[in-house]
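One structure below.
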Amino acid sequence: MTALHFQPVLQRLPFLLGGAATTVLLSVASFAAGLVLAAGLAVLRAEGRGAGRRLGMAYSTIMTNTPQLSQIFAIFYCLPLLGVMVSPFASVFIGMALNAAAYLADILAAGLGRVPPLYHDAAAALGLTRRQAYLRVLFPHALQTMAPALANHFQIMILGSSMASIFGVEDLTGRAYDVGATTFRILEVMLVAGVLYALLSVALTGAFALGRRMFEGAA
């Protein structure tokens with residue numbers, strides 16, 4: 001086995017960091033969009049009756065039992081057939097957000113199920129509408145109790161975003177392939193990319209935990 005040489009890869013570290021910035025943007029944006037969609041799905045499952053509730057359950061079942069990669073492929077190739085032209089980044093963003101919504105809806109639904117009845121009674125006593133009750137009382141409580149599960153899924157999304165390179169997105173993995181192809185140091189560049197993914201995961205989940213503590217302190 002030849003010796004490892006990291007110098008050619010480290011010389012291109014700024015180029016890799018540019019891809020890391022794209023990874024952060026993709027992960028944060030798709031998680032945020034997925035969380036908003038998940039909130040709607042969780043309410044539909046909690047408040048819906050009949051067809052509405054079954055629709056929410058069916059969406060989560062389908063999205064959590066099919067590969068995320070195949071879902072992104074469907075968006076990437078089917079939207080243009082319908083006359084909707086989107087960029088590779090947008091295709092991956094949409095696919096990741098829709099997939100995340102299904103998993104996050106399960107997490108939020110579990111959190112809402114753990115909200116004590118006293119909170120519902122208090123919201124009603126204050127004269128809050130159902131929308132106000134969810135936004136000001138129920139969801140904040142559910143987010144506090146479900147924060148570790150949300151952080152875990154966020155971490156999964158950061159690492160799973162590497163599939164974006166398949167669709168031509170120049171994220172961290174995509175740029176690592178480019179560096180490997182030009183330096184012929186594929187092992188070294190993948191090791192460096194792995195370290196960068198680990199640093200991103202720790203930093204972003206740490207920021208998530210800090211935001212949670214600030215939120216709890218302000219509550």
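Given the structure is predicted, the values throughout are model-derived calculations rather than measurements.
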*If you group Ile, Leu, Val, Met, Phe, Trp and Tyr by side-chain heavy-atom gaps below 4.5 Å, do Phe167 and Val84 land in one group?*
yes
Minimal heavy-atom distance between Leu10 and Pro14, with the atoms involved, is O-CD, 4.4 Å
Residues pairing under side-chain hydrogen bond (donor to acceptor under 3.5 Å, both in side chains) where one sits in residues 187-199, two or more places apart or in two chains, turn out to be Thr173-Tyr197, Arg185-Glu188
Practice item. Count the heavy atoms belonging to other residues, nucleotides or ligands that lie under 6.0 Å from CZ of Phe6, then report whether that count exceeds 12. Key: yes
Student check: side-chain heavy atoms of Leu44 and Tyr59 closer than 4.5 Å: no
Contacts satisfying side-chain hydrogen bond (donor to acceptor under 3.5 Å, both in side chains) that involve residues 17-27 (not counting sequence neighbours) are none
dist Asp171:CG -> Met163:CE (nearest 0.5 Å) comes out at 10.5 Å
Those residues at least two apart in sequence (or on a different chain) that pass side chain to side chain contact (heavy atoms under 4.5 Å, CB included) with Ala38 are Leu104, Ala105, Leu108
* Within a strict 4.5 Å, meaning less than it, do heavy atoms of the Leu16 and Val189 side chains meet? -> yes
Task: Test item: Val9 and Leu13 side chains (from C-beta on) under 4.5 Å apart, heavy atoms - done: no
Tightest non-hydrogen contact, residues Ala101 and Leu37, listed as CB-CB, 3.7 Å
**Message:** Are Leu98 and Val86 linked, directly or through intermediate hydrophobic residues, by side-chain heavy-atom contacts shorter than 4.5 Å (ILVMFWY only)?
**Reply:** yes
With sequence neighbours left out, the residues meeting side chain to side chain contact (heavy atoms under 4.5 Å, CB included) with Thr64 are Ala102, Tyr103, Asp106
Here the salt bridge (Lys or Arg N to Asp or Glu O under 4.0 Å) pairs for residues 61-83, sequence neighbours left out, are none
Here the side-chain hydrogen bond (donor to acceptor under 3.5 Å, both in side chains) pairs for residues 146-168, sequence neighbours left out, are Gln155-Ser201
Applied to residues 59-74, the salt bridge (Lys or Arg N to Asp or Glu O under 4.0 Å) test, sequence neighbours excluded, yields none
Between Val92 and Ala164, the two heavy atoms sitting closest are CG1-CB, 3.8 Å
Checklist entry - Hey, is the main chain of Val202 close enough, under 3.5 Å, to the side chain of Thr205 for a donor-acceptor pair? => result yes
CD1 (Ile94) and OG (Ser87) are apart, to the nearest 0.5 Å, by 8.0 Å
Sorted by chain and residue number, the side chain to side chain contact (heavy atoms under 4.5 Å, CB included) partners of Gln132 (sequence neighbours excluded) come out as Leu128, Thr129, Arg136
Those residues at least two apart in sequence (or on a different chain) that pass side chain to side chain contact (heavy atoms under 4.5 Å, CB included) with Leu25 are Phe89
Is there a path from Val36 to Leu143 through hydrophobic residues (I, L, V, M, F, W, Y) whose side chains come within less than 4.5 Å of each other?
no
The complete set of side-chain hydrogen bond (donor to acceptor under 3.5 Å, both in side chains) pairs with one or both residues in residues 175-184, sequence neighbours excluded, reads Glu170-Arg175
Taken in chain and number order and not counting sequence neighbours, the residues that satisfy side chain to side chain donor-acceptor pair (under 3.5 Å) with Tyr134 are Glu47
> Does Phe93 share a hydrophobic cluster with Ile156, counting links as ILVMFWY side-chain heavy atoms below 4.5 Å and allowing steps through other members?
Replying inline: no
Quiz item: Can you find a heavy atom in the side chain of Leu196 that is under 4.5 Å from one in the side chain of Leu172?
Solution: yes
Below 3.5 Å, can you tabulate the donor-acceptor pairs from side chains in residues 66-80 to any protein atom, sequence neighbours excluded?
from	atom 1	to	atom 2	distance (Å)
Thr66	OG1	Ile62	O	2.9
Thr66	OG1	Gln71	NE2	2.7
Ser70	OG	Pro67	O	2.7
Gln71	OE1	Asn99	ND2	3.0
Gln71	NE2	Met63	O	2.9
Gln71	NE2	Thr66	O	3.2

Check for me, please, whether Met57 and Leu55 land in the same ILVMFWY cluster - side-chain distances under 4.5 Å, paths through other members count. no
